[in-house]
Amino acid sequence: MKERGQVYLIAYLTLVRKEITRFLRIWPQTILPPAVTMTLYFIIFGQLMGPRIGAMDGLPYMSYIAPGIIMMSVITNSYANVVSSFFSAKFQKHIEELLVSPMPNSLILAGYVTGGIGRGLMVGLVVTCVALLFTDLRVHEPAVVVLVVTLTATLFSLGGFINAIYARKFDDISIVPTFVLTPLTYLGGVFYSIDLLPQFWQRVSLGNPILYMVNAFRYGMLGVTDIPIDRALLIITGFILALTLLSLHLLRRGTGLRS
Amino acid sequence: MKALEITDLHKTYANGFVALKGIDLAVEEGEFFALLGPNGAGKSTTIGIIASLVKKSAGKVRVFGIDCDLDHAAAKALIGLVPQEINFSQFETPFQIVTNQGGFYGLPRRLAEERAETYLRQLGIWDKHDQPARNLSGGMKRRLMIARALVHEPRLLILDEPTAGVDIELRRSMWEFIRGINARGTTIILTTHYLEEAEALCRRIAIINHGRIIEDSTMRSLLARLHMETFVLDLFDPLDEPPDLSPYATRLVDPHTLEVDVSREQDVNGLFVRLSERGIRVMSLRNKANRLEELFMHLLGERLPQEEAA
Ligand SMILES: Nc1ncnc2c1ncn2[C@@H]1O[C@H](COP(=O)(O)OP(=O)(O)OP(=O)(O)O)[C@@H](O)[C@H]1O
Ligand SMILES: [Mg+2]
């Protein structure tokens, strides 16, 4: 094979392009719903209830929840993109287009994860625009914002990938989002500071990885956090590493892909 | 050089089913090779292993001398696969599907698009290139998969029952097309249930049954092994009883239809001499059954008792 690096680069870019084309083609299912849901959150929690709730960590409630809501949409959408795209590639068998090609497993993984990051960031941006209709957003530390949001999107894209590898039927791709992801997100400090919780539940909350991401992101935007930022970054990176290794292991074994 | 070399290939599926029991195959570069066998014989399993869709249990596969265990990427770059079952996204367009496949093999976008257009045109589905693939008819979907397999111009093209469910006219035009690809130097391996397809296209043939190769030879030598051929003659004038055409055995099916057996030692010329002597005028003549089909059944039959004993 000539110029292997070149071949791999083109293959990777092709897959990324295919993935992005996919979620843009079905934008009423991928981009619009989070925009609508998050608008409702802003109206109900921010606009209507916010003034009664009062300040949270010294900030107006609307400003406090905005970063969490953006993060929540990034998490759900990067996960959803990869789990549904990869599972339907398995289901319709066009994953075989990749399996017969010279693309190594790591590149297939990278392509799908990049697609998931793409959707996560795009939805994050849309929701940010929605947020700007309701409140001013200042960015305390842009580098942290970009880093945290990208790492988070990466982590949940990987999660979606692993879910899709194990999934055998369509039900299997909604179990984790419904029973694991959503509760963890709601309990991950999107709507409240964990300072409000009793000691015991504060400690339990610290076992929730999403708490770290939401707080790191909130720190990047607003400069307030429940958690030391470097510890948050360390934890996110650790999870990414672990899930990457697991994904590659599953791909090498051919789980759910090669009989 | 050998385009494909398979040695002692075994496959046991996760459920314990033994699909391949030690396959050996060698296909020379430029050859047009047919892999025949009944349903469930192991054809797609063998092909799946070559194309890395199925994990082998044991054995070796080499593609143009490249050991797939050592550098599967390089081997895969040389192979184009037309699978038995539809496996493209129903929502993408043929143009996207073929172009992207080019990309997965490392073709720059421009080149991939040019090739996609070329092959979609050659296969006669360009007028649908911009519609979702689910709008294509069954035959068009098969042709789309052929275009997709050719986009990176593989040196070895593997077609797993490409003409299943394709009408006769289209089947013949697909044969013509594939012959053209072979004439340009591409090695072709084809699986099929249609023996006439193998006979029309392939110089070499292997027959697989229950995960074993039971025959691997040239089409010629296979045909030469037929002991006897039965011809059906349509007669001008009715006969009351079978005529004596000895040494040829005859049977009168109806007053206008006569069957004659010609063994391998005999020739057909002699038959016509005998017919003329008797004043029997023949309107037309055809083979009774597909000879290959008979041979095929014969070969499979031979193996069955062994299988049961094993
Ligand atoms: N994933 C699998 N798990 C278990 N058994 C399998 C699997 N795939 C195929 N088999 C079995 O392996 C055998 C060979 O199947 P294969 O698909 O290779 O046959 P084939 O020769 O291509 O048949 P056909 O002409 O019907 O396409 C069959 O008995 C089949 O049931
Ligand atoms: Mg098959």
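Below, chain A is the first sequence line, B the second, and so on; all start at residue 1. Everything quoted here is computed from the prediction, not taken from an experiment.
- The environment of CZ in A/Arg168 is sparse: at most 12 heavy-atom neighbours from other residues, nucleotides or ligands sit within 6.0 Å.
- Contacts between B/Ile50 and chain A at a heavy-atom distance below 4.5 Å are absent for every atom of the residue.
- When the shell of 6.0 Å around CZ of A/Phe91 is examined, it contains 12 or fewer heavy atoms from other residues, nucleotides or ligands.
- A 4.5 Å side-chain heavy-atom check between B/Lys55 and A/Ser259 finds every atom pair outside the cut-off.
- Looking at B/Ala14, neither its backbone nor its side chain comes within 4.5 Å of chain A, counting heavy atoms on both sides.
- More than 12 heavy atoms of other residues, nucleotides or ligands sit less than 6.0 Å from atom CE of A/Met38.
- By the 4.5 Å heavy-atom criterion applied to side chains, A/Glu97 and B/Arg148 are counted as neighbours.
- Within the 4.5 angstrom heavy-atom criterion, no atom of B/Leu78 approaches chain A.
- One N or O on the side chain of B/Lys76 and one on the backbone of A/Leu99 form a donor-acceptor pair closer than 3.5 Å.
- The choice from B/Val54, B/Asn87, B/Leu107, B/Thr45 that makes the most heavy-atom pairs within less than 4.5 Å of chain A is B/Asn87.
- Chosen from A/Thr14, A/Leu107, A/Leu9, the residue pairing most often with chain B at heavy-atom distances under 4.5 Å is A/Thr14.
- Taking 4.5 Å as the limit, some side-chain heavy atom of B/Leu53 sits within range of a side-chain heavy atom of A/Val100.
- Using a 4.5 Å heavy-atom cutoff, the side chains of A/Leu13 and B/Arg109 are not in contact.
- When heavy atoms are compared at a cutoff of 4.5 Å, A/Arg17 approaches chain B solely by way of its side chain, counted from C-beta outward.
- Using a cutoff of 4.0 Å between basic side-chain nitrogens and carboxylate oxygens, A/Arg22 and B/Glu92 are not scored as salt-bridged.
- Proximity of a side-chain donor or acceptor of A/Gln6 to a complementary backbone N or O of B/Gly106 within less than 3.5 Å is not detected.
- A heavy-atom distance below 4.5 Å is found between the side chains of B/Phe91 and A/Gln92.
- Within 6.0 Å of CZ on A/Phe239 lie no more than 12 heavy atoms contributed by other residues, nucleotides or ligands.
- The environment of B/Arg184 atom CZ is dense: over 12 non-hydrogen atoms of other residues, nucleotides or ligands sit within 6.0 angstrom.
- Interatomic distance, A/Glu96 CD to B/Ser52 OG, rounded to the nearest 0.5 Å: 9.5 Å.
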Going by atom type alone, with no hydrogens or angles, which donor-acceptor pairs under 3.5 Å involve a side-chain atom of residues 240-249 of chain A and a protein atom two or more places apart or on another chain?
unit_1   : atom_1 : unit_2   : atom_2 : d
A/Thr244 : OG1    : A/Ile240 : O      : 2.7
A/Ser247 : OG     : A/Leu243 : O      : 2.7

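- Proximity to chain A is limited to the side chain of B/Gln96, based on heavy atoms less than 4.5 angstrom apart.
- Ranked by heavy-atom pairs shorter than 4.5 Å toward chain A, the options B/Gly103, B/Gly102, B/Ala112 are led by B/Gly103.
- Using a 4.5 Å cut-off between heavy atoms, A/Thr21 contacts chain B through its side chain alone, with no backbone atom that close.
- To the nearest 0.5 Å, atoms CZ (A/Arg258) and CD1 (B/Ile49) are separated by 12.0 Å.
- Proximity of B/Phe104 to A/Lys18: side-chain heavy atoms (C-beta onward) are separated by under 4.5 Å at one or more points.
- Of the two parts of B/Leu81, only the side chain, counted from C-beta on, holds a non-hydrogen atom closer than 4.5 Å to a non-hydrogen atom of chain A.
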